[in-house]
Amino acid sequence: MKVLLANKFLFNNGGAEAVLLQERMFLTSSGADVIDFAMQHERNIESRYANHFVSRQEYRSGGHLAKIKSALALIHSREAVSKLASLIEETRPDLMHCHNIYHQLTPSIVGVAKSRGIPVVLTLHDSKPVCPVHTRMREDQLCSSCLAGDFHHVLMHRCADGSIAQSATLYMEAVIQRWFGSYEKVDRFLAPSQFMRESVLPRFAADRVQVLYNGVDVTGISASDRDKGYVLYCGRLAPGKGAETLLRAHQAADCRWPLVIAGSGPLADNLKAQFTRNVRFAGQLSGETLNETIAEASVVVVPSEWCENCPMSVLEAMAYGKPVIATRVGGIPELVDDRVTGLLFEPGNTDELRRHLDCLMNDAARRAGMGAAGRSRVEADFSLEKHNTELMAVYRSLVSERHSSH
């Protein structure tokens, strides 16, 4: 089988890219012919198709004309359309699987594949097809106003950081893609959570949207019985991720246990200045250092305040046999079985989080029991092997339908 994988990056930038590279590795090892399509970037892994990649796209500064041209290129990329057409002509793929294609590649590439009779799969890493700002959040509340395709709310409420210019660009993008019918041409949407599936059902037919949870490689991760008595946060230090809520809960608990913050982002300097007692800001960790840090933690906290989809941080913590304290938001409650594999709390509720930390950090036996239950749950429901088996079933079904229709 020849599979064309489209994503803005071809390196592990977390989230969508981590899932893409897992799938790419599986397909390659399974004997499939993988055809890459991405944006040129110095961090991309090596690909024999790199000469087909689009030039690097970023929001341009400058005068009004430059900004307008930049905005239009992020809505519809002539270069991506042309280069993908050439790549398809050269390689003749059986199927195209899109991940994070917004802005740099643009959904305009969907029509290129469909016009050549190639089935298209799109993984919904966020709510972009039904929410122009992709988060489904407005003033820190879950919002459903645009889900059915009426996008004027993004303008009315200035959903893009309160900016009318940015909101107008995102509104225009959503309306143009609807006019082109880019998302309507997708054969199968893969939703990494039931929450994400339900988010897009007001716009897309139920038989086109299938839940496919992210997978974690349980064969490559051993459950750890090491417990060095610290609380761990792994993630971006950015708005919506809830790191400040965790730091305040730690402070409210009189900083009784060490807290390790593994991650970087725009809030890093501010948080480091505010919170100093019994906190270690470890920066962005990767590889063996990250693995060891998770393996030796007592509890992993995922305090997101925006709608997470199927966060790998939760699945990886469970694979290591760690209890997870996380927010009751988005797809997280589908992963964390409250009071069995971890504890859930309301987003932004510092006091509830503090009580959960007290509960688990004072009870090593309960931590161990929840961690073991989490490991069992990952093995049964969220293994990479299960993910890959279900992914191949989707591919085969679409390719079979294509052949039978010819």
Side-chain angles (χ1 to χ4, degrees), residues 5 7-26 28-29 36 38-47 56 99-100 104 123 125-126 192 214-224 226-228 230-243 246-247 258-269 271-272 279-304 308-322 324 326 332 335 371 374-375 378 382-384 387-388:
L5 290 179
N7 188 69
K8 65 180 179 181
F9 299 132
L10 198 58
F11 61 87
N12 194 346
N13 198 39
E17 283 70 44
V19 174
L20 164 86
L21 292 174
Q22 278 183 338
E23 292 176 350
R24 185 181 185 275
M25 188 179 297
F26 161 69
T28 303
S29 66
D36 304 308
M39 179 181 73
Q40 292 169 5
H41 198 285
E42 63 275 5
R43 289 178 61 192
N44 283 342
I45 62 173
E46 194 173 326
S47 171
R56 193 157 173 176
H99 282 267
N100 199 347
Q104 283 80 3
T123 296
H125 293 287
D126 57 37
N214 293 339
V216 64
D217 184 8
V218 292
T219 62
I221 296 175
S222 300
S224 170
R226 287 176 286 168
D227 183 336
K228 293 206 168 176
Y230 60 83
V231 177
L232 175 64
Y233 168 89
C234 294
R236 288 262 298 153
L237 300 180
K241 289 296 183 179
L246 171 58
L247 286 157
L259 171 60
V260 175
I261 302 289
S264 60
L267 301 182
D269 290 344
L271 294 177
K272 284 178 190 176
V279 180
R280 180 166 72 90
F281 287 88
Q284 187 148 357
L285 304 181
S286 61
E288 198 52 41
T289 307
L290 175 61
N291 297 343
E292 286 295 302
T293 304
I294 300 172
E296 294 179 347
S298 301
V299 171
V300 174
V301 182
V302 182
S304 299
E308 295 283 1
N309 192 0
C310 182
M312 291 299 293
S313 55
V314 172
L315 297 182
E316 286 166 357
M318 290 164 66
Y320 277 100
K322 301 298 170 180
V324 179
I332 291 176
L335 310 181
R375 172 70 189 199
V378 157
F382 307 115
S383 72
L384 188 55
H387 173 94
N388 291 337

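The residues of the chain are indexed from 1 along the displayed sequence. What you are looking at is a predicted structure, and each value in this text was computed from that prediction instead of being measured. Side chains included, hydrogens not; waters and symmetry mates left out as well; all remaining heavy atoms used.
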In the structure I gave you, are the side-chain heavy atoms of [X] and [Y] within less than 4.5 Å of one another anywhere?
{"X": "I261", "Y": "L247", "result": "yes"}
{"X": "P311", "Y": "L335", "result": "yes"}
{"X": "I45", "Y": "L21", "result": "yes"}
{"X": "K322", "Y": "E316", "result": "no"}
{"X": "N309", "Y": "D126", "result": "no"}

How far apart are the closest heavy atoms of [X] and [Y], and which atoms are they?
{"X": "Y320", "Y": "S222", "result": "CD2-O, 3.8 Å"}
{"X": "A262", "Y": "A282", "result": "CA-CB, 4.4 Å"}
{"X": "D36", "Y": "S47", "result": "OD2-OG, 2.7 Å"}
{"X": "L246", "Y": "P303", "result": "CB-CG, 4.3 Å"}
{"X": "N214", "Y": "P192", "result": "OD1-CB, 3.8 Å"}
{"X": "L267", "Y": "P239", "result": "CD1-N, 3.7 Å"}

When rounded to the nearest 0.5 angstrom, what is the spacing between [atom1] in [X] and [atom2] in [Y]?
{"X": "L285", "Y": "C234", "atom1": "CG", "atom2": "SG", "value": "7.0 Å"}
{"X": "R56", "Y": "M39", "atom1": "CZ", "atom2": "CE", "value": "5.5 Å"}
{"X": "F281", "Y": "L271", "atom1": "CZ", "atom2": "CG", "value": "5.5 Å"}
{"X": "T293", "Y": "E288", "atom1": "OG1", "atom2": "CD", "value": "9.5 Å"}
{"X": "D269", "Y": "L237", "atom1": "CG", "atom2": "CG", "value": "10.0 Å"}
{"X": "Y230", "Y": "R280", "atom1": "OH", "atom2": "CZ", "value": "7.5 Å"}

Is a donor on one side and an acceptor on the other found under 3.5 Å between the side chain of [X] and the backbone of [Y]?
{"X": "N7", "Y": "N100", "value": "yes"}
{"X": "Y233", "Y": "G263", "value": "no"}
{"X": "R375", "Y": "V218", "value": "yes"}

### Task
Identify whether the distance between the nearest side-chain nitrogen and carboxylate oxygen of K228 and E292 falls below 4.0 Å.
no
### Task
Answer yes when E308 and K241 have at least one side-chain N-carboxylate O distance shorter than 4.0 Å, and no when they do not.
yes
### Task
Specify whether H41 and F9 have parallel, tilted or perpendicular ring planes, treating 30° as the upper limit for parallel and 60° as the lower limit for perpendicular.
perpendicular
### Message
Under 3.5 Å, is there a donor on one side chain and an acceptor on the other for E17 and H99?
### Response
no
### Query
How far apart are the C-alpha atoms of L20 and L10, what are their side-chain angles, what is the distance that settles it, and do they pass the side chain to side chain contact (heavy atoms under 4.5 Å, CB included) test?
CA-CA 8 Å; L20 164 86; L10 198 58; 4.2 Å; yes
### Task
Assess whether atom CZ of R226 is packed by more than 12 heavy atoms of other residues, nucleotides or ligands within 6.0 Å.
yes
